[in-house]
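Please read the structure below before turning to the comments.
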Number of protein chains: 2
Amino acid sequence: MRKTFLFMDTVLNKVDAKGRVSLPADYRAIVKETGSEIVCYRSLSSPCIEGCLEDLLDKLATQMEDSLDFFSATQDDLTNLVFGDAKRYPFDSTGRVMLSEKLLKHAQITDSAVFVGKGRKFQIWNPENWEKEEKRIREQVLKVRPSLKEAGRES
Amino acid sequence: MRKTFLFMDTVLNKVDAKGRVSLPADYRAIVKETGSEIVCYRSLSSPCIEGCLEDLLDKLATQMEDSLDFFSATQDDLTNLVFGDAKRYPFDSTGRVMLSEKLLKHAQITDSAVFVGKGRKFQIWNPENWEKEEKRIREQVLKVRPSLKEAGRES
DNA sequence: TGGTATAACATGGGAAAACATGGGAATCAA
DNA sequence: TTGATTCCCATGTTTTCCCATGTTATACCA
């Protein structure tokens, strides 16, 4: 049994006429080994689908209930939004999930989708949108951490 | 179980037609003994591949997970960049990994590659590029710390 | 010390398994 | 019945696994 569970890498897969997409094999392995389930919801900040293990949302719920006055009201609202939107997405024997119309529309996904690892979460993007977004992020990160541009011998 | 795990030394290996490279035996030993896995990604600052143990990234993911900041925007950008690019690279029974096109291209590696230890991380370079880089680093060090020029007898 | 036996390693190639993806049949709901 | 969803089979491709070989490094013995 492995010690760590991280959603990683960037994988481009097709979405067929029925709205099915192959979940990257690495992601499936994580689901099987944890015994948890994939949960997806519309990202609050970007035109993409966000996904994670149900375990993580459970952890979030626990954090909220354990520190009510600790959290801001907005954090509370955001959490509500996520839970209101989230839904389980099991995959079939060939490893595919069927994404809902709502999710696909929000992410502007039609015939192909890019899975982007985020550690404990992942995102699903329209390929062109992700290309732009990645570029934006790279520029943003270099702006915030200009040391990387130069020598960046350490990080 | 050993106490310390350091990627060290500089090793030149061939990259075959399938994109396979032997991971230096010392590195393999570290992976086995830690029970972790090799993870590689494009260096943010240099034209080379960077690698480390999955444990290291897992630590990062845990920090974010526990930061009570499920919806932070800056965190979002950083995690996308790091985890979106990283990927596990398990090695087969003969000790080889299969580097992706993306990584090889970024590091301009074609038929041979140099592994350079960096402690908790390591880098994989195109041999010519590494030669130049090493020279650059040595000169840089002497410029910053001229005292080394006198004393620094090396083998 | 020198020389040889032994083990570890890097590397090539081919066989087997895993994967993404298309399509059809069975199942269910409105 | 119509439309949607689930399940299963088929296929081409990629990736993984395993065997074979030559080379290098290490251990051992005289």
Side-chain angles (χ1 to χ4, degrees), chain A residues 2 7-33 37-40 49 51 87-105 109-117 122 124-127 130, chain B residues 2 7-33 37-41 49 51 54 86-105 109-117 122 124-127 130 155:
Chain A
R2 95 220 267 192
F7 294 109
M8 292 191 281
D9 205 3
T10 299
V11 178
L12 174 68
N13 280 343
K14 285 190 181 174
V15 179
D16 70 13
K18 298 179 185 175
R20 295 179 299 182
V21 212
S22 280
L23 201 65
D26 290 350
Y27 292 15
R28 271 152 34 200
I30 292 177
V31 174
K32 282 184 187 166
E33 292 179 38
E37 289 240 35
I38 292 287
V39 168
C40 292
I49 302 166
K87 183 177 176 310
R88 286 184 177 180
Y89 285 86
F91 52 84
D92 64 22
S93 62
T94 63
R96 284 180 288 200
V97 294
M98 244 202 57
L99 299 173
S100 71
E101 262 310 311
K102 186 174 72 173
L103 293 183
L104 292 174
K105 192 178 168 192
I109 292 172
T110 55
D111 61 344
S112 56
V114 180
F115 291 78
V116 183
F122 62 89
I124 313 176
W125 287 77
N126 163 307
W130 168 244
Chain B
R2 86 219 264 188
F7 294 110
M8 293 190 282
D9 205 1
T10 299
V11 177
L12 173 68
N13 279 343
K14 282 191 183 176
V15 180
D16 71 14
K18 295 181 186 175
R20 294 180 299 184
V21 214
S22 279
L23 201 66
D26 290 350
Y27 293 15
R28 272 152 32 199
I30 292 177
V31 175
K32 281 184 186 165
E33 291 178 37
E37 289 246 30
I38 292 288
V39 168
C40 292
Y41 51 93
I49 301 166
E54 192 176 10
K87 183 178 182 307
R88 282 180 158 201
Y89 286 87
F91 52 84
D92 62 23
S93 61
T94 64
R96 283 179 291 196
V97 295
M98 237 199 64
L99 298 174
S100 71
E101 264 307 312
K102 186 174 77 173
L103 293 183
L104 292 174
K105 192 178 166 193
I109 292 171
T110 54
D111 60 345
S112 57
V114 181
F115 289 80
V116 183
F122 61 89
I124 314 176
W125 286 78
N126 163 307
W130 170 244
S155 45

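Chain identifiers are assigned alphabetically (A, B, ...) following the order of the sequence lines, protein sequences preceding nucleic acid strands; residue numbering begins at 1 within each chain.
Rounded to whole angstrom, the span from the CZ atom of A/Phe91 across to the C1' atom of D/dC8 amounts to 16 Å. Between B/Asn13 atom CG and D/dT24 atom C1' the separation is 13 Å, expressed in whole Å. Atom-to-atom, CG of A/Leu99 to C1' of D/dT6 comes out at 15 Å; the value is rounded to the nearest Å. To the nearest angstrom, P of C/dG22 lies 10 Å from CG of A/Asp111. In this structure, B/Tyr89 atom OH and D/dC17 atom C1' are separated by 19 Å, rounded to whole Å. Rounded to whole Å, atom P of D/dT24 lies 18 Å from atom CG of B/Asp26. Across the protein-nucleic acid pair, A/Asp16 atom CG and C/dG24 atom P stand 13 Å apart, rounded to whole Å. When the P atom of D/dT6 is taken as reference, atom CZ of A/Arg96 falls 12 Å away, rounded to whole Å.
Note: B/Asp111 CG to B/Ile109 CD1 = 10.0 Å, rounded to the nearest 0.5 Å.
Using a 4.5 Å heavy-atom threshold, the side chains of B/Val11 and B/Asp26 count as separate.
One cannot find a donor-acceptor pair under 3.5 Å joining the base of C/dG22 and the side-chain atoms of A/Lys18.
Comparing B/Thr94 and B/Met98 against DNA chain D, the residue whose closest nucleotide sits nearer the 5' end is B/Met98. Each of A/Leu23 and B/Asp92 lies near DNA chain C, and the nucleotide nearest B/Asp92 is the one positioned closer to the 5' end.
Under a 3.5 Å cut-off, the side chain of B/Tyr41 and the backbone N or O of B/Leu103 do not form any donor-acceptor pair. Between the side chain of B/Asn13 and the backbone N or O of B/Ser22, at least one donor-acceptor pair lies under 3.5 Å.
Residue A/Pro90 is classed as having no contact, given no heavy-atom separation below 4.0 Å to the nucleic acid.
Distances shorter than 4.0 Å separate none of the side-chain N or O atoms of B/Arg20 from OP1 or OP2 on D/dC18.
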